[in-house]
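A short write-up of the structure that comes next.
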Amino acid sequence: MVTMPMSLRGAALAALLLCSSAALVAQAPVPASSAPAAAAPVLPPFPEWLQAVREEALARGVTPATIESALRDITPVEQILSRDRSQAEFKETLTEYLERRIGVPTIRLGRTQRDTHATLLAKVQDAYKVPPHVLVAIWGLESNFGRFSGVRPIMPTLATLAYDNRRSAMFRGQLFDALAILDAGHIDLPRLKGSWAGAMGQPQFMPSSYRKYAVDFDGDGRRDIWASQADVFGSIGNYLATNGWVAGQAWGRAVKLPASTTALEAAAPLRTDGCRAAREMTERRSLSEWQTLGVRAADGADLPKADMVASLFRSDGASYLVYQNYEVFLSYNCAHAYAMAVARLSDRIADTDPLPEPAKKKPAKKKSKKRK
């Protein structure tokens, strides 16, 4: 879940609801169709369940001291379950969403942050080949440029979600990952905070993603994605690089389709596996194949003569050919609203188009005192 016509804090929270809470399931592809789900198992009373968690954590190698401090006095948090079960349906179109998220103030702040952290971002780019404007765009969308990364203690959140039948196994694994993070000393328990869905720090990593991708870029012995700017940017860079980032390649482009798309749809059908967003894209074809099928650049020009493959994605009457790096954005959060927001914001941070200056506030008129 990186503006909206609301407060910055509200904007960041809305981003967490759409983006970060989805990031956990985004990394697990969902089949196009599946058999009816089996009846959920009946869980034991919470104290009994928690004791089993303690025993399994100990068997996994977590120290008794960490288990005791992290799980002491934990009880299910009803507000977490209510939030998880009552997420508002996202009814905006992609165009409406992007118009709200990628506003002039966000672009301006993104450019400012890019310049402020230019030296550090250059070092991260050298290490992971991900350019500064992309790193800053993801940081901006995930935590409003570091200003909102979640305030909920992670351990009660994960324990609550793990005890719930809906996704018990998934969150139970996240709970053990969080215990391992504490046990390794990367973060102190009072600072282990995040969103209501368990996403942590400025990059909004789930505990499993933290263990895979978080890095100690500043070399202080901790992978601190909560407070170390070096670790934040380094971890985002490592995530993208590990998931297939292609240096020097764009995310994609807007395109124009032929009047009839019958042949195109037969030659490049929609995918049948992966998450929902993946299944909304076609199978990959080379740019030369798309050219043969009548696809052109948005201005009507021929497509680039490059040895690249792309998938076609259509939404709100617009069409895009998206490349490997767009799919890397989807690996972070498998929703087109998110991936396209990263793509658009990163482009606007990188370009040099002047932005309109904010309107100056008119000085308040002094009230004249009436004579008695």
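Everything quoted here is computed from the prediction, not taken from an experiment. Values below: every heavy atom of this structure, side chains too, minus hydrogens, waters and symmetry copies. Residue indices begin at 1 and follow the sequence shown.
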Before we go on, tell me: are the rings of [X] and [Y] under 6.0 Å apart, centre to centre?
{"X": "Phe329", "Y": "Tyr338", "result": "no"}
{"X": "His186", "Y": "Trp226", "result": "no"}
{"X": "Phe46", "Y": "Tyr163", "result": "yes"}
{"X": "Tyr213", "Y": "Tyr239", "result": "yes"}
{"X": "Trp245", "Y": "Tyr128", "result": "no"}

Donor-acceptor contact below 3.5 Å, side chain [X] vs main chain [Y]:
{"X": "Arg223", "Y": "Ala214", "value": "yes"}
{"X": "Arg285", "Y": "Ala267", "value": "yes"}
{"X": "Thr282", "Y": "Leu312", "value": "yes"}
{"X": "Arg271", "Y": "Ser311", "value": "no"}
{"X": "Asp299", "Y": "Ala301", "value": "yes"}
{"X": "Arg111", "Y": "Arg348", "value": "yes"}
{"X": "Arg314", "Y": "Tyr320", "value": "no"}
{"X": "Asn243", "Y": "Val328", "value": "no"}
{"X": "Asp216", "Y": "Gly219", "value": "yes"}
{"X": "Ser228", "Y": "Ile225", "value": "no"}

Show your reasoning for whether side-chain contact (heavy atoms from CB on, under 4.5 Å) applies to Lys129 and Gln125. CA-CA 5 Å; Lys129 312 307 177 188; Gln125 182 176 16; 5.8 Å; no
If the threshold is 4.0 Å, N to carboxylate O, is there a salt bridge linking [X] and [Y]?
{"X": "Asp302", "Y": "Arg296", "result": "yes"}
{"X": "Glu327", "Y": "Arg284", "result": "yes"}
{"X": "Asp347", "Y": "Arg253", "result": "no"}

Do [X] and [Y] land in one hydrophobic cluster if side-chain heavy atoms of ILVMFWY residues count as linked below 4.5 Å?
{"X": "Leu58", "Y": "Met155", "result": "yes"}
{"X": "Met170", "Y": "Trp196", "result": "yes"}
{"X": "Tyr323", "Y": "Leu240", "result": "no"}
{"X": "Trp290", "Y": "Trp251", "result": "no"}
{"X": "Met308", "Y": "Leu330", "result": "no"}

Is there side-chain contact between [X] and [Y], with heavy atoms separated by less than 4.5 Å?
{"X": "Pro258", "Y": "Leu264", "value": "yes"}
{"X": "Asp177", "Y": "Tyr210", "value": "no"}
{"X": "Trp139", "Y": "His117", "value": "yes"}
{"X": "Leu270", "Y": "Glu265", "value": "no"}
{"X": "Asn144", "Y": "Thr106", "value": "no"}
{"X": "Lys123", "Y": "Phe217", "value": "yes"}
{"X": "Thr93", "Y": "Glu99", "value": "no"}
{"X": "Arg279", "Y": "Asp273", "value": "no"}

Enclosure of Asp307 CG (heavy-atom neighbours >12, cutoff 6.0 Å): no
Separation between OG1 of Thr95 and CG of Asp316, rounded to the nearest 0.5 Å: 3.5 Å
Side chains of [X] and [Y] only: does a donor on one sit below 3.5 Å from an acceptor on the other?
{"X": "Ser286", "Y": "Ser288", "answer": "yes"}
{"X": "Thr157", "Y": "Thr160", "answer": "no"}
{"X": "Gln174", "Y": "Ser208", "answer": "yes"}
{"X": "Ser235", "Y": "Asp231", "answer": "no"}
{"X": "Gln113", "Y": "Thr116", "answer": "no"}

Minimum heavy-atom separation for Ala199 to Gln204, with atom names? CB-OE1, 3.4 Å
Write down the atom of Ala278, the atom of Cys334, and the distance for their closest heavy-atom approach. N-SG, 4.1 Å
Does the plane of the ring in Phe313 sit parallel, tilted or perpendicular to the ring in His336? Use 30° and 60° as the thresholds. parallel
Show the numbers, then the answer: is there a salt bridge (charged side-chain N to carboxylate O under 4.0 Å, His left out) between Asp183 and Arg60? CA-CA 11 Å; Asp183 210 38; Arg60 286 170 174 253; over 6 Å; no
